[in-house]
K.L.:
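The structure follows.
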Amino acid sequence: MKFEIAPSILAADFSRLAEHVQQVAPFSGRIHADVMDGHFVPNLSMGPALVASLRGSIELPIEVHLMVTNPEHFVDPFVRAGADRLIFHLEVAEDPKELARRIAAQGVSAGIAINPDTPWQKVEKYLPEIDLVVVMTVNPGFGGQPFMREVLGKVSEARKAVSKYQLDVDIEVDGGIDSTTAKEALDAGANIFVAGQAIFGQPDPARAGEELMKVVQGGLLGG
């Protein structure tokens with residue numbers, strides 16, 4: 001099992017995006033790009049053009065988190081832009097199994113995200129179709145929200161299910177991740193940690209990211 005930090009560029013300074021991403025690349029397992037449509041969530045963010053620009057400046061995998069009402073409409077544009085993984089929300093997918101297979105058929109990793117109020121049981125049956133499940137630890141739409149500890153039970157359920165079925169599925173937590181909450185999520189069973197403000201919101205993003213990664217590694221060693 002791999003354990004990774006996934007810096008969320010939503011919290012970065014877009015005027016210095018390439019620079020910031022290069023700063024955090026040494027400790028990052030991937031870059032996380034939040035796509036918002038102003039409908040599924042009350043905010044707008046980035047599109048395929050920005051991801052394509054980022055693809056040209058980094059070698060790290062890019063995962064695109066589709067916080068959009070019609071995720072099936074955005075598969076092809078983001079695949080062409082160079083995304084390595086597409087994450088869609090269970091709450092808006094008409095046919096999650098078909099959508100996951102469509103994404104995988106294009107050589108891209110597929111992930112499903114669930115909101116804090118979505119029961120774990122609704123996503124468990126789709127685990128064989130995906131490479132990643134994202135347990136949202138905030139309500140999606142805006143960065144900088146406080147971590148919802150009541151969601152950690154779903155992280156534990158996810159880890160138990162993945163182990164039960166012996167699947168190679170990553171468990172990612174997204175929202176309110178810092179050095180304290182990352183350790184809590186790690187203990188619950190997460191292995192990928194999306195962090196925005198805890199990295200890009202700090203005076204020295206590279207140092208902040210390195211410190212966060214030490215927390216994850218320390219947890220693995222029992223520290």
K.L.:
Is there a side-chain contact between Met46 and Val35 (heavy atoms, below 4.5 Å)?
P.N.:
yes
K.L.:
Look up atom CD in Glu150 and atom OG1 in Thr137, then write down how far apart they are to the nearest 0.5 Å.
P.N.:
10.0 Å
K.L.:
Could you tell me which non-hydrogen atom of Ala100 sits nearest to which non-hydrogen atom of Glu129, and how far apart they are?
P.N.:
CB-O, 3.7 Å
K.L.:
Main chain of Ala188, side chain of Ser156: is a donor-acceptor contact present, judged purely on distance under 3.5 Å?
P.N.:
yes
K.L.:
Kindly say whether Gly176 contributes a backbone atom to a donor-acceptor pair with the side chain of Thr181 at under 3.5 angstrom?
P.N.:
yes
K.L.:
Working to the nearest 0.5 Å, report the span between CZ of Phe14 and CD1 of Ile9.
P.N.:
5.0 Å
K.L.:
Say you draw a straight line from CD of Glu124 to CD1 of Ile114; how long is it, rounded to the nearest 0.5 Å?
P.N.:
10.5 Å
K.L.:
Taking atom CG of Asp168 as the centre, does the number of heavy atoms from other residues, nucleotides or ligands within less than 6.0 Å exceed 12?
P.N.:
no
K.L.:
Evaluate the side-chain contact (heavy atoms from CB on, under 4.5 Å) criterion for residues Met136 and Asp174: first the C-alpha distance (whole Å), next the side-chain angles of each, then the deciding distance (0.1 Å), finally the verdict.
P.N.:
CA-CA 5 Å; Met136 295 299 299; Asp174 183 356; 3.8 Å; yes
K.L.:
Working note: Leu212 + Phe193, criterion side-chain contact (heavy atoms from CB on, under 4.5 Å); need CA distance, chi angles, decisive distance, verdict.
P.N.:
CA-CA 9 Å; Leu212 186 57; Phe193 308 84; 5.7 Å; no
K.L.:
For Ser8 and Val194, work out which heavy atoms get closest and say how close.
P.N.:
CB-CG1, 3.8 Å
K.L.:
Answer yes or no: is there a side-chain heavy-atom contact under 4.5 Å between Phe200 and Val24?
P.N.:
yes
K.L.:
Start with the C-alpha gap between Val133 and Trp120, add the side-chain angles, then the distance that decides, and say whether side-chain contact (heavy atoms from CB on, under 4.5 Å) holds.
P.N.:
CA-CA 10 Å; Val133 60; Trp120 166 252; 3.8 Å; yes
K.L.:
So do the side chains of Glu4 and Asn191 get within less than 4.5 Å of each other, counting heavy atoms only?
P.N.:
no
K.L.:
Decide yes or no for Thr69 and Asp37: does some side-chain heavy atom of the first lie under 4.5 Å from some side-chain heavy atom of the second?
P.N.:
yes
K.L.:
Would Thr118 and Val123 count as a side-chain contact (heavy atoms from CB on, under 4.5 Å) if you check the C-alpha gap in whole Å, the side-chain angles of each, and the deciding distance to 0.1 Å?
P.N.:
CA-CA 9 Å; Thr118 298; Val123 71; over 6 Å; no
K.L.:
So how far is it from Lys164 NZ to Glu157 CD, rounded to the nearest 0.5 Å?
P.N.:
11.5 Å
K.L.:
Donor-acceptor pair, distance only, cut-off 3.5 Å: does the side chain of Arg102 make one with the backbone of Glu72?
P.N.:
yes
K.L.:
Looking only at heavy atoms, which two atoms of Met36 and Val68 are closest? And how far apart?
P.N.:
C-CG1, 4.5 Å
K.L.:
Grab the two heavy atoms, one from Ser28 and one from Leu60, that are nearest each other, plus how far apart they are.
P.N.:
O-CD2, 3.3 Å
K.L.:
Closest approach of Pro61 and Gly29, non-hydrogen atoms and distance?
P.N.:
CD-O, 3.5 Å
K.L.:
State plainly whether the residues Glu184 and Arg149 are in salt-bridge range, i.e. N to O under 4.0 Å.
P.N.:
yes
K.L.:
Indicate yes or no: does Arg55 engage Asp84 in a salt bridge with an N to O separation below 4.0 Å.
P.N.:
yes
K.L.:
I'd like to check Leu50 versus Leu17 (side-chain heavy atoms, cut-off strictly below 4.5 Å). Are they in contact?
P.N.:
yes
K.L.:
Can you tell me how far the CD atom of Gln106 sits from the CG atom of Leu86, to the nearest 0.5 Å?
P.N.:
8.5 Å
K.L.:
Without swapping roles, check the side chain of Lys154 against the backbone of Pro116 for a donor-acceptor pair under 3.5 Å.
P.N.:
yes
K.L.:
Would you say that more than 12 heavy atoms from the other residues, nucleotides or ligands in this model lie under 6.0 Å from the CD of Glu94, or not?
P.N.:
no
K.L.:
Write down the atom of Ala190, the atom of Val173, and the distance for their closest heavy-atom approach.
P.N.:
CB-CG1, 3.9 Å
K.L.:
Hey, what's the ring geometry for His89 with His65, parallel, tilted or perpendicular (30° and 60° as the breaks)?
P.N.:
parallel
K.L.:
So, Glu211 and Lys214, do they make that salt bridge, N to O below 4.0 Å?
P.N.:
yes
K.L.:
Glu19 versus Gln22: any side-chain heavy-atom pair under 4.5 Å?
P.N.:
no
K.L.:
Find the distance between CG (Leu99) and CD1 (Ile130) and round it off to the nearest 0.5 Å.
P.N.:
11.0 Å
K.L.:
So, do Asp34 and His32 sit near enough that their side-chain heavy atoms are less than 4.5 Å apart?
P.N.:
yes
K.L.:
With the side chain counted from C-beta on, respond yes when Asp170 and Lys2 share a heavy-atom pair under 4.5 Å apart, and no when they do not.
P.N.:
yes
K.L.:
For the backbone of Arg159 and the side chain of Ser163, can you confirm whether one donor and one acceptor N or O come within less than 3.5 Å of each other?
P.N.:
yes
